[in-house]
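Here the structure is laid out as structure tokens; the discussion comes afterwards.
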Amino acid sequence: MLNLVHKCLFTRGKVRQVDFSSVRCGKFKFSNGGAFSKNSVDTGKSEIPSCRKLSFFENLKGLVCWDRAQRLHEFVDQQHRALGPIFRMHIGAVTALFINSPESYQRIFKLEGPTPQNFVPEAWTLYNQMRQCPRGLLFMNGGEWLNNRRMLNKFFLKPYAAKEIIFTSCENEAVKLCNNWKLFADAGEIIPDLEKKLYLWSIEVMVSALVGKTWDLHREEFSSDLEILAENLHQVFVQSARLSFLPAKLIMRFQFPVWRKFVRVMDTSQNVAKGVVHKISKISDNGLFDLMRDSGIPDENLVAIIADLIIAAGDTTTYSTQWALYLLATHQDVQEKLFDISRSNSPQEIINNSYVKGILRESLRLYPTAPFLMRSLPEDSIIEGYKINKGELMIMSMYSSGRDNNNFPEASEFNPLRWTRDSRNKYEKVTNPLGTLPFAAGARSCVGKKVAETQIALTISKLVKTFRITCDNAEKVKMILHLISVPSEPLKLRLTTRSK
Ligand code: HEM
């Protein structure tokens, strides 16, 4: 589930409500009275463009405008068009710099230092303090984070020691998902509860990799725990999204129902996830769990790290896969090409196929699961020619740069072929590939990138090989923010079994 690791809305205690200034986004008119002011800043260049600070009452009004807050990415994109690649905005008690230029992203990741700080939702930090429970990588900082991160990099990134195990799990779970979904195809039904089914699938991939070879013998023993976990992770996500636009400290102090519900689902997810890891520890057979235990991760960290890995994988993979399926269902030509590739290539070839990679990149470019990435720099630095103070919050606007025609000609088109390389080894229709960084970059980038890519590529190709997928939603589904990017309405996907 996650997260703002999967970070989009801000936290770290303070950031909360957003100034939706006077910009029209689709049919929404965000009003703050209009004018952008130029705040005087101590900068290298002149002044960083800025939205004017909201009054107390405007902030208060903003707090209840959930509907507007869900469109923050569109608002920020509009602001970039009006103000350029960097602007300052006041959000509640916090001021942040929004940046959308790929060159600056590169510079920020270069200057972020060896242990970049992570930003997680305020409600999560409060929960962790309240329960005093050890948590995984997402919640670590400094030296503790670095030690554990180095260890996990070896399994998941370089040299990717878990490659075979992950591949096998992704392949098996893709087959199982297809078999389960045949029922809906045969009945001519829209896939019911698509989101929850994908949560379960994504958790099963991680758990099966952790267990290893004997997973199929134990699947049944885990099924009720994993169902509970999938349901609760989904709920943690829903409740966290609600809390992200509210003053969490206040809500906690007065024990509002939304806080109590959030705590309930957090408790259940933590307890069930840790229980699942304990169970895995007893049966793991050359699985990822054994690899990690034997690598020297201290026992007191192991359970928390693994439980949070399962959690971190859940929502990101679920929603990224939903967007990929949505795009395939609404672009039959791309789906047919994927079908051709899927029936004439082995799974191993599929994950290396450039068109399949193009589908993933396009889908994460147009619908970045984490539309905002946050960083602060350890030293005063110059970004976009301006002096940026050490520790200042910077938010990289991935949604905006990913849909910028300057980075991606005809940026709103879903075109997997744009990522094909020409004879000079240049991408066909990509001016600046760094305009899309769905897994971020640098030391703190997503540790599960390869797992996610393998999992999504094998699953969409298996589904398309078995079914023709169509979308029954009457209108174009929009992207809204619930911590991460989610569809504005449930996707209605219909499957028709392809003839052999
Ligand atoms: C398409 C799916 C996914 C997307 C789009 C995604 C995206 C991200 C992003 C943007 C970050 C933050 C990086 C930063 O701020 O620099 C992140 C961090 C993280 N992700 Fe993912 N992620 C995905 C899947 C996964 C999976 C499958 C796992 C687990 C196997 C995972 C585990 C993590 C962890 C543990 C972190 C924190 C890393 C750290 O703090 O060092 N993610 N992810």
Side-chain angles (χ1 to χ4, degrees), residues 1-8 10-12 105 108-109 112-120 135-142 144-153 155-157 160 162-163 165-166 169-170 173 198-199 201-210 233 273 288 292 304-324 359-361 363-376 394-396 398-399 402 436-457 459-460 483-486:
M1 83 146 193
L2 201 356
N3 44 53
L4 276 219
V5 170
H6 305 126
K7 4 198 93 191
C8 67
F10 342 154
T11 47
R12 242 233 310 206
Y105 297 164
I108 291 168
F109 289 122
E112 67 182 0
T115 57
Q117 193 198 335
N118 203 12
F119 295 82
V120 292
R135 297 296 307 258
L137 207 58
L138 279 175
F139 301 89
M140 295 176 180
N141 280 309
E144 184 195 23
W145 167 77
L146 189 60
N147 287 340
N148 286 290
R149 173 74 202 218
R150 281 189 179 140
M151 209 89 83
L152 290 200
N153 281 351
F155 302 122
F156 294 106
L157 293 175
Y160 195 12
K163 186 173 178 183
I165 297 173
I166 297 286
S169 297
C170 292
E173 296 310 310
L198 289 176
Y199 260 94
W201 153 80
S202 125
I203 294 169
E204 282 178 342
V205 168
M206 281 310 291
V207 174
S208 73
L210 286 158
L233 289 185
L288 183 55
M292 292 175 76
I305 287 179
I306 294 180
D308 277 348
L309 268 184
I310 299 173
I311 292 173
D315 58 358
T316 47
T317 315
T318 297
Y319 287 103
S320 306
T321 307
Q322 280 204 74
W323 285 121
I359 293 175
L360 292 193
R361 293 183 104 163
S363 147
L364 288 163
R365 175 180 71 79
L366 289 167
Y367 300 101
T369 314
F372 297 112
L373 296 172
M374 286 175 273
R375 286 291 185 279
S376 59
M394 288 179 297
I395 301 184
M396 292 174 264
M398 286 298 146
Y399 172 85
T436 172
L437 295 171
F439 298 98
R444 197 118 209 186
S445 64
C446 178
V447 80
K449 174 177 189 259
K450 292 192 176 177
V451 178
E453 286 173 344
T454 310
Q455 186 173 349
I456 300 173
T459 304
I460 58 172
L483 288 185
I484 58 173
S485 314
V486 306

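Computed over heavy atoms, backbone and side chain alike; hydrogens, waters and symmetry mates excluded. Remember, it's a predicted structure, so these values are computed and weren't measured experimentally. Whatever order the structure lists ligands and atoms in, that order sets their numbers, starting from 1.
Ligand-side atoms of ligand 1 in range of Thr369: 5 (C), range being under 4.0 angstrom from any heavy atom. Here is the list of ligand 1 atoms found below 4.0 Å of a heavy atom in Trp145: 39 (C), 40 (O), 41 (O). Remark: ligand 1 atoms within the under-4.0 Å shell around heavy atoms of Leu373 are 10 (C). Short contacts between ligand 1 and Ala452, defined as distances under 4.0 Å to a heavy atom of the residue, involve ligand atoms 1 (C), 2 (C), 24 (C). If you number the atoms of ligand 1 from 1 as listed, the ones under 4.0 Å from a heavy atom of Ala440 come out as 13 (C), 14 (C), 16 (O). Close approach of ligand 1 to Ala370 is summarised as follows: ligand atoms under 4.0 Å from at least one heavy atom of the residue are 10 (C). Residue-ligand proximity, Ala312 to ligand 1, at heavy-atom distances under 4.0 Å covers atoms 32 (C), 33 (C). If you number the atoms of ligand 1 from 1 as listed, the ones under 4.0 Å from a heavy atom of Leu138 come out as 36 (C), 37 (C).
Considering backbone and side-chain N/O of Arg149, one or more are found under 3.5 Å from N/O of ligand 1.
Thr321 places no side-chain N or O within donor-acceptor distance of the main-chain N or O of Ile456, the cut-off being under 3.5 Å. Counting only distance, with no hydrogens or angles, the side chain of Asn118 and the backbone of Leu138 share a donor-acceptor pair below 3.5 Å. Side-chain atoms of Thr317 do not come within 3.5 Å of backbone N or O of Gly314 as any donor-acceptor pair. A donor-acceptor pair is defined here as one N or O able to donate and one able to accept, closer than 3.5 Å; such a pair exists between the side chain of Ser445 and the backbone of Gly442.
In the candidate list Ala313, Gly136, Pro116, Ala313 is nearest to atom 27 (C) of ligand 1, counting heavy atoms. Between atom 1 (C) of ligand 1 and the options Ser320, Ala443, Ala209, the minimum heavy-atom separation is to Ser320. Evaluated by nearest non-hydrogen atom to atom 30 (C) of ligand 1, the leading choice among Met140, Met206, Arg375 is Met206.
With a 4.0 Å cut-off on non-hydrogen atoms, Leu152 does not touch ligand 1 at all. Counting heavy atoms closer than 4.0 Å to ligand 1, residue Arg444 contributes atoms from both its backbone and its side chain. Here Pro438 has backbone heavy atoms under 4.0 Å from ligand 1, and that is the only part of it that gets that close.
Between Gln455 and Trp201, the closest side-chain pair of non-hydrogen atoms falls below 4.5 Å. Under the 4.5 Å side-chain criterion, counting only non-hydrogen atoms from C-beta, Leu437 is not in contact with Met396. A 4.5 Å side-chain heavy-atom check between Phe119 and Ile395 finds every atom pair outside the cut-off. Within the 4.5 Å cutoff, the side chain of Phe156 has heavy atoms near those of the Ile166 side chain. Within the 4.5 Å cutoff, the side chain of Trp145 has heavy atoms near those of the Pro116 side chain.
At a cut-off of 3.5 Å, with distance as the only test, a side-chain donor of Ser320 or Thr369 sits close to an acceptor on the other residue.
Not a single heavy atom of Phe156 sits under 4.0 Å from any atom of ligand 1.
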